[in-house]
Amino acid sequence: MDRVNNFAFKIATANGTGSASSNGLIMQTIFRMGVPVTGKNVFPSNIQGLPTWYEIRVSRQGYTARTPQFDLMVAMNPATYQKDILELRSGGWLLYDSTWPLDPLLSRPDVTYLGIPLAEMCNAQFAAVRERILMKNIAYAGALCALLDMDTSVIRALLTEKFSRKPALMDSNQKAVDIGYDFAKANFPCPLPIRLEPMDETRDSILIDGNTAAALGCVYAGATVGAWYPITPATSLMEAFKGFCQKYRQEPDTNRNRYAILQAEDELAAVGMVIGASWAGARAFTPTSGPGISLMTEFIGLAYYAEVPVVIFDVQRTGPSTGMPTRTQQGDLMLCAYASHGDTRHICLYPADPREAFECAVASFDLAERFQTPVFVLSDLDIGMNDWMVSKLTWDDSYRPDRGKVLSAAELDHVKTFHRYLDVDGDGVPYRTLPGVHPNGAYFTRGSGHNRFGVYTEDGDEYVEVLDRIDRKIQSAARAVPAPFLRPAPGAKVGLVTVGGCHAACTEALDLLAAEGVAIDYMRVRGFPFGDDIRAFLDSHAVNFVVEQNRDGQLRSLLMLETGVPIDKLESVRYYGGFPMSAHHVIAAVKARLEKAA
Amino acid sequence: MDRVNNFAFKIATANGTGSASSNGLIMQTIFRMGVPVTGKNVFPSNIQGLPTWYEIRVSRQGYTARTPQFDLMVAMNPATYQKDILELRSGGWLLYDSTWPLDPLLSRPDVTYLGIPLAEMCNAQFAAVRERILMKNIAYAGALCALLDMDTSVIRALLTEKFSRKPALMDSNQKAVDIGYDFAKANFPCPLPIRLEPMDETRDSILIDGNTAAALGCVYAGATVGAWYPITPATSLMEAFKGFCQKYRQEPDTNRNRYAILQAEDELAAVGMVIGASWAGARAFTPTSGPGISLMTEFIGLAYYAEVPVVIFDVQRTGPSTGMPTRTQQGDLMLCAYASHGDTRHICLYPADPREAFECAVASFDLAERFQTPVFVLSDLDIGMNDWMVSKLTWDDSYRPDRGKVLSAAELDHVKTFHRYLDVDGDGVPYRTLPGVHPNGAYFTRGSGHNRFGVYTEDGDEYVEVLDRIDRKIQSAARAVPAPFLRPAPGAKVGLVTVGGCHAACTEALDLLAAEGVAIDYMRVRGFPFGDDIRAFLDSHAVNFVVEQNRDGQLRSLLMLETGVPIDKLESVRYYGGFPMSAHHVIAAVKARLEKAA
Amino acid sequence: MTYIAKPKVHHPALLKNAVGLIRRDYEGSITTLCAGCGHDSITAAIIQAFWELSIEPHKVAKLSGIGCSSKTPAYFLREAHGFNGVHGRMPALVAGANAANRDIIYIGVSGDGDSLSIGLGQLCHAIRRNVNVLYILENNGVYGLTKGQFSASADPGSLNKKGEANTMEAIDGCLLALTLGATFVGRGFSGDKAQLVPMLKAGLAHNGFAFIDVISPCVTFNDHEGSTKSYAYTRERNVEVVQADFVAPAAAITAQYDPGTVRNVLLHDGSWVRLRKIEEGYDPTDRDQTYAYIRERQKAGEVATGLLYLSPDSSDLHEQLNTVATPLVQLPYADLCPGSAELEKLQRRFR
Amino acid sequence: MTYIAKPKVHHPALLKNAVGLIRRDYEGSITTLCAGCGHDSITAAIIQAFWELSIEPHKVAKLSGIGCSSKTPAYFLREAHGFNGVHGRMPALVAGANAANRDIIYIGVSGDGDSLSIGLGQLCHAIRRNVNVLYILENNGVYGLTKGQFSASADPGSLNKKGEANTMEAIDGCLLALTLGATFVGRGFSGDKAQLVPMLKAGLAHNGFAFIDVISPCVTFNDHEGSTKSYAYTRERNVEVVQADFVAPAAAITAQYDPGTVRNVLLHDGSWVRLRKIEEGYDPTDRDQTYAYIRERQKAGEVATGLLYLSPDSSDLHEQLNTVATPLVQLPYADLCPGSAELEKLQRRFR
Ligand SMILES: Cc1ncc(C[n+]2csc(CCOP(=O)(O)OP(=O)(O)O)c2C)c(N)n1
Ligand SMILES: Cc1ncc(C[n+]2csc(CCOP(=O)(O)OP(=O)(O)O)c2C)c(N)n1
Ligand code: SF4
Ligand code: SF4
Ligand SMILES: [Mg+2]
Ligand SMILES: [Mg+2]
């Protein structure tokens, strides 16, 4: 099998040794060679010293899913040699620091060992301790240039851009690259069969993580208030938002901010601030993860029942409880759909990659304001924090925020008595007013029983009337959320349904299955509540594989509850070990079931 | 239709006027006459001055469900005359205070008005302002004695018991009774057709509310730590627990407490205290309602994943959010079953009346410790705060708490290294140890990723192994929770399923339908996760009515998810206006559907 | 004093203020609280204060948590937006609303359970943020709405209706606020409207978090013998330390008091607070002296009341965040969206 | 001083304590914190304190929240039960555990984010309850585990790694604890083991909530120039106010100091705390003086350290609840269940 521009390698280091910049350098070099590439950072829940890995997949077909098997291992962390070596495919290569001898016990006959005295060479070349550690990372990047045929001119260009203002750093980095490069050239048959060849497949793409993309979406949607409490893997979303705001949200003359970021004392306060800000008329949001959603549960019920717009980004991580904070999962699908006590139901959006994270971010504000209710954007650690190759983000300058039914001062002049919860238009969506605008607009917002006029009530019929309207309102959102992504396969008898980041693994798996003559119709849900198209897809197949990343088949549960499709039509395919899903997870499950059937 | 011992009347007063004692007096009198009686208190979410009602149903057949139509209205609150009069059946009676003339607009030709100058008479008889107000209530009780043929000797006996130590109060109360009694006798044709006749149907019964019964259950189960934050309608549970403990949990010589009640600062702290106490080895519990459950969501996930026993009483009220705090609902069924982020699933018990509240309370501690997990007892305001007639509570002195797999010091002597999360017995339930017992028992409890040895892990396989075992463990509890209550009807083709307090309305409805020749099999689920018997019942009927008190059909959702029964087999019957369900709600829905079918 | 007494002289009910409104225009729906509840008196004082300041009701937003006290925003300023949130979380709602629209006058009403039990964390952090709001803690030492359990402000030894004594230390909102660096700390008594009204006005004018703890007896559950939050106990024990008069921006200050005992503090909106120090040598702008003084009184079994502390320089949430003068809700979308060209440009970073 | 210095002289590592254990027996798994993290030094001090007190490890329960600091209970007392709960909620877990089993020695470890942000309410109420636990707040002014955001203990003006200044008031744990009526308040510095160990021992012996705020620099995110929680800054600014020596129950007190500067406080377990007042006229049993003193130092840009306040009479949660001496977990079921006969009898009430 031809390995050119089609292989995967993994870099094993320790947390806090600064390998990130080196890995980024490698990623960008490949990307600029026009070759599709994806990187996945596997890091521990601590700050320094524990094992961390960076997985790079080069795929000329542009596949972005994780591959569990690697062609090359850059084993820089003795603590994990043993484990790392086992992840190499037979016939693979292991690059290690030969400054110290390798434990013979670890040798695998079917693997080629490439020893490079990185520490030795760097110690010889560099004086400062910290510099020696950092340059070791750059040095293995240099070695990879030789081994994988990475374009040295590209890497040099990158270093020049990066260190344009720090020539000294530029030199040492270049030197480190050369050290590795020269040693590899001199001692190994370069390039290896797994190698790069320039392509033109990345011209219209970018390398971006989902949190950065979502933050951009918030900026472009016109969000002005962000409230948050730090939590992995959502933290970088607000940090990115702040970064963009510092650039794009400064008032020219005064240098004062056209945004407000509130670092709350906890998630209860964060969502409370968002509710308060939205109630006052701002576009406001909060990024968090599972534990934060649990803490927001009571407030979410208030926003649902009092009909206040809220945008919540749930960058999911492995649960339950604290779980594995630096691993990914899709474990909050059920919680977000029905969060809070009493009868509640919420609009959810499910991006599949950073590009959709950007689009969903924008859509979430429009939906929250149009339907006056909480909207969840369910991303995950893999989408949020890893570097994905996606086509460039685009923007339509004719876009105007959909603020929904908000009465202006002028309109309120003509309103004698304003009734907050009256279904004036018969669409289940009442009119809102903002504080400070007009005396006629005043009303009392409350989470306690109220009638359609917004007046406190303990009357059963009045209470039911409002609660039923809200139900109609949310149901009507099924037509407003993004339609499912559909990819029919000619002659397919079975269907496959998934959500979010599993898209990468599913589409790759379906291609491979198709190549083997197995035709399967594909659907990825992108919004909740589900519309008729989703039910139709499920009905049209005797069997639908439901692929997701959680233990309990939460997507399947949502499909059952919301479409009424019987369980025997839904074949659950689950992987929830904390890594992003791989194509083989899907293929294995599908084949097993089809063989059973046959 | 014969109205003897078969009628309903309603007493309309204002909050804080002390009508409670008078209504209690009436209830007890009827009860002691051997006549089955139920009382439902309809009170506002404030402390003084707003309308409040007390509904008394006398049913010689022993039906306890609410009836929305009344034969007699004791209209003591002018503010609600209009509304109250409309709730009288045609041919009914209205008793009012004729001290002030009745607004002619309010008169109904088909209703008989019984005016009694209560205020006038009481003002003449009593000096103190407060006394005048209170005695007015006792006076209408006296009038009812005459009108309904209540046994005056019984009422006198009750007063003597109650005021044995306060002769002065005894006298004024007796005087008030007489005032009302004499006036009615003198001015109306007593008794009315709706009247009482002594029976012998209450000998083995008691009048009790569910919170008191549940509190007794906690005492008998040996619970020693209770943590709570006040919230209607759960507050009286902890207050009752305290009362019983003051009587039964004093150390003889020292008068020190064999219990600890912690009034927490909020529900997050309350459940945290319960987790801490259970972890240390005590039987601990917390009573709350919907908003509290929402706030406990994060901690519940910790207890699920770290496998710590927890007992939570959710005395449900009308949601979402603050909702109607003094109205009933079954709105937390879904939340409690799956509370918290990530993959979680919890044991739930569903009492139908105060007697079951007592039994479930005891069972909840055994289940929580046996399965080392949170257990929810889902009662509601109607069960928890209203006076139900149930058969006497009984206790088997051979009962011993099931502490589950807790290793003693002696056992730990023989354990070399203790592994907290190892599935030693293959039943999914690991062994636990308590702090302070033995050096060999030490382990680290955490909500972060851990392997079967209880060691921190970020390894996917180790993580999955534990999470899957927990799933098996919880599923196995389906065989340990109370089996569903079944009442087959010969020749029935359809089934009816319900949960909790709807039992009263459903059984009455089924009797009435049966009388009309409609045979329906009946099942009431009493525990979650559901066992095979539940699925079998649903499968055995083409149609199953699912009767519950919430908007979204949450019981139906649980049935779909957990049994896989298709939605078209489940015909949802819902009432969620905040009052307890009545038989007619069920009958109407069933008939409508059956006619549609026919 | 005279300043607030004046209206009473000429038929206050009909008197129009600068914006042409009479006191009735500042009322809300009728109360559903118990007759005699302290909270209703505070509501009356709030109505008086807004009327005297001639604030247009619709420029105000009133927020609260859950509790009898938290119901009161429904009973004043019917033309103002109201938000009765969840229990103990009003501070977050105010912070968010204030961040979004800084031009609105915010008043938050809470209770001792709402603020010192479930909401303690949020209250403390709102103080730290110095959110621009008048925060009134209607303090009765119990959870009224849930029928009289002790709250965190119940004093050790204080008896509940059943005669049980509270064993825990009380949280004193004023001491707590001072410890957290509050910029405006006052204590009042629902029974003393003359003292309360000017304090409320100063709090509304203050640029930052104005914390006022108002002892507000619960007649139903905590007004008995043995309670330390009853009318009787409070009347007897409260010592007015600082008498604050509020002087609107326009009005001139006629120093008709012995200068030694008067101190005028200029507020950022140009209005003045005239602090008349009943106690010799008491400096209401000295945080530590104030703290020590409150403690002394406490140890003497007394309750210090008045505008106890006022920081002459207070920078509120927005000054700390350096936000624009225009309320964020009023910024045109054009000022918020960088546009497509910029999007194209900035993505070079991701290549 | 001498008391804790002694062991060092004769090969401490091998020295056996009264229960025959060497220091190693009090260790836990190896740390995963950054090299140089202040938290690791505190762990070492904790190990030292337990070893010196000859406490059997399995009689101890160690609880924490979430954060780098909250990870540390895994690094000491391997033979003790540990509970790493959820973020900011450890006080509730301790209160519950303590209610259930009062015979266990509880130690709670938390961080400034865990205790002063998300957990502030719980910390305050645990102090009010006077739960019998040694509560250590490992204070570095940032959220370490989430990579260095300012915490609520960050001082105004303090710079983060990016050079941005914190604008909000800092919450001083010691001032807060004093305001809430804490019975034991100390402040230490991870870099001063000699001061910390005896304070920890006194805290373990104290009957009630022993609060110790330990400045514990985060070398990765908050040890730079401009930080007020760095090693350099703390070394330079911390002033030891009170030097506490811990004297075990047995040991006699040899008053080898000028009585004017020494004060011995008897703890309820018979042990003594010898407070040597470095500062003349400082009374560590006077709550208000302590408060005022800490503030003075603060204003002088200094950090007062030592066992700052110790209430001679402290009644813990159980004394307040009047619970039996036997831990509730050890009560036989027979003492808890009234039995069937009584059930029959009590139901007369319901007829
Ligand atoms: C999450 C939650 N827990 C509990 C309650 C019940 N509850 C309503 S008001 C209240 C206490 C109110 O006390 P306080 O704030 O002092 O107000 P007061 O009634 O005394 O004026 C409680 C516990 C609630 N509404 N929400
Ligand atoms: C509910 C919840 N929100 C957020 C987080 C993320 N988180 C983990 S530790 C931490 C802060 C820790 O700060 P601190 O207590 O000061 O400990 P340090 O790391 O500085 O020692 C946060 C916000 C979490 N684990 N849980
Ligand atoms: S219960 Fe107390 S606080 Fe509530 S309204 Fe009545 S008097 Fe006021
Ligand atoms: S990040 Fe800071 S607090 Fe966390 S381990 Fe490293 S040095 Fe310690
Ligand atoms: Mg109160
Ligand atoms: Mg910290």
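None of the values given here were measured: they were computed from a predicted structure. Chain identifiers are assigned alphabetically (A, B, ...) following the order of the sequence lines, protein sequences preceding nucleic acid strands; residue numbering begins at 1 within each chain.
- In this structure, no portion of A:A284 lies under 4.5 Å from any heavy atom of chain C.
- Of all the heavy atoms in C:L328 and A:V225, the pair that sits closest is CD1-CG2, 4.0 Å.
- Residue contact with chain C, scored on non-hydrogen atoms closer than 4.5 Å, involves the side chain of A:F358 exclusively.
- For C:N101 against A:P435, the heavy-atom pair with the smallest separation is ND2-O, 4.3 Å.
- We find that A:K392 and C:E344 are joined by a salt bridge, their nearest charged nitrogen and carboxylate oxygen being less than 4.0 Å apart.
- Residue C:I104 touches chain A through its side chain alone, counting heavy-atom pairs closer than 4.5 Å.
- Ranked by heavy-atom pairs under 4.5 Å with chain A, the list C:K62, C:R78, C:Q122 is led by C:Q122.
- In terms of non-hydrogen atom pairs under 4.5 Å with chain A, the most contact-rich of C:A97, C:P327, C:G28 is C:A97.
- Of the listed residues (A:G276, A:G222, A:A221), the one with the most heavy-atom contacts under 4.5 Å to chain C is A:G276.
- Proximity to chain A (any heavy atom under 4.5 Å) is restricted, for C:L317, to the side chain, taken from C-beta onward.
- Looking at C:A325, both its backbone and its side chain come within 4.5 Å of chain A, counting heavy atoms on both sides.
- Contacts between A:E265 and chain C at a heavy-atom distance below 4.5 Å involve backbone atoms as well as side-chain atoms.
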Decide side-chain contact (heavy atoms from CB on, under 4.5 Å) for C:R89 and A:L268; before the verdict, give the C-alpha distance in whole Å, the side-chain angles of both, and the deciding distance to 0.1 Å. CA-CA 8 Å; C:R89 315 293 174 190; A:L268 291 89; 3.4 Å; yes
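- With a 4.5 Å cut-off on non-hydrogen atoms, A:V219 touches chain C through its backbone and its side chain both.
- Taking each heavy atom of A:Y248 and C:P338 in turn, the nearest pair found is CG-CG, 3.7 Å.
- Contact check on C:E319 versus A:R256 returns no salt bridge, with no Lys/Arg side-chain nitrogen under 4.0 Å from an Asp/Glu carboxylate oxygen.
- Residues C:L336 and A:T224 have side chains in contact (heavy-atom distance under 4.5 Å, counting atoms from C-beta outward).
- Contacts with chain A were tallied for C:R349, C:E56, C:Q347; C:Q347 has the most, counting heavy-atom pairs under 4.5 Å.
- Neither the backbone nor the side chain of A:L158 comes within contact range of chain C, judged by heavy atoms closer than 4.5 Å.
- Here A:R446 contributes atom CZ and C:S64 contributes atom OG; the two are 9.0 Å apart, rounded to the nearest 0.5 Å.
- Side-chain contact check for A:L302 versus C:F83: some heavy-atom pair is nearer than 4.5 Å.
- At a threshold of 4.5 Å between non-hydrogen side-chain atoms, the residues C:L321 and A:L262 count as touching.
- Each of A:E251, A:R400, A:M27 has some count of heavy-atom pairs under 4.5 Å with chain C, and the biggest count is that of A:E251.
- The parts of A:T433 that come within reach of chain C are both its backbone and its side chain, each placing non-hydrogen atoms under 4.5 angstrom from that chain.
- Residue with the most contacts toward chain C among A:G436, A:G447, A:A282, A:S278: A:G436 (heavy-atom pairs, distance under 4.5 Å).
- A donor-acceptor contact shorter than 3.5 Å is absent between the side chain of A:R258 and the backbone of C:L331.
- For A:R203, the part lying near chain C is the backbone, with the side chain staying farther off; criterion is any non-hydrogen pair under 4.5 Å.
- Between the C:N322 side chain and the A:N255 main chain, a donor and an acceptor come within less than 3.5 Å of each other.
- Counted by atom type alone, C:S340 and A:D397 present one or more donor-acceptor pairs between their side chains at under 3.5 Å.
- Of the two parts of A:A306, neither the backbone nor the side chain holds a non-hydrogen atom closer than 4.5 Å to a non-hydrogen atom of chain C.
- Between A:W279 and C:H81, the ring-plane angle classifies as perpendicular under the 30° and 60° cut-offs.
- If you tally non-hydrogen atom pairs under 4.5 Å between each of A:T212, A:T202, A:L434 and chain C, the highest count goes to A:L434.
- Contact tally against chain A (heavy-atom pairs below 4.5 Å) for C:V324, C:V329, C:N84: the top residue is C:V324.
- For A:V271, no part lies near chain C; criterion is any non-hydrogen pair under 4.5 Å.
- Considering only heavy-atom pairs separated by less than 4.5 Å from chain A, the leading option among C:A74, C:P57, C:S29, C:G121 is C:A74.
- Taking each heavy atom of C:A99 and A:A260 in turn, the nearest pair found is CB-CB, 4.2 Å.
- Comparing A:G301, A:G272, A:P439 by heavy-atom pairs within less than 4.5 Å of chain C, the highest count is held by A:P439.
- By the 4.5 Å heavy-atom criterion applied to side chains, C:L93 and A:I275 are counted as neighbours.
- Heavy-atom distances place no part of A:Y456 under 4.5 Å from chain C, backbone and side chain included.
- With a threshold of 4.5 angstrom between heavy atoms, C:A80 approaches chain A through N, CA, C or O but not through any side-chain atom.
- Among all heavy-atom pairs drawn from A:Y220 and C:E342, the shortest one is OH-C, 3.8 Å.
- In this structure, CD1 on A:I206 lies 9.0 Å from CZ on C:R351, to the nearest 0.5 angstrom.
- Counting heavy-atom pairs closer than 4.5 Å to chain A, the top residue among C:C124, C:P73, C:A341 is C:P73.
- Of all heavy-atom pairs between C:R129 and A:A264, the closest is NH2-CA, 3.3 Å.
- Side-chain contact between A:L393 and C:F350: absent, with no pair of heavy atoms (C-beta onward) separated by less than 4.5 Å.
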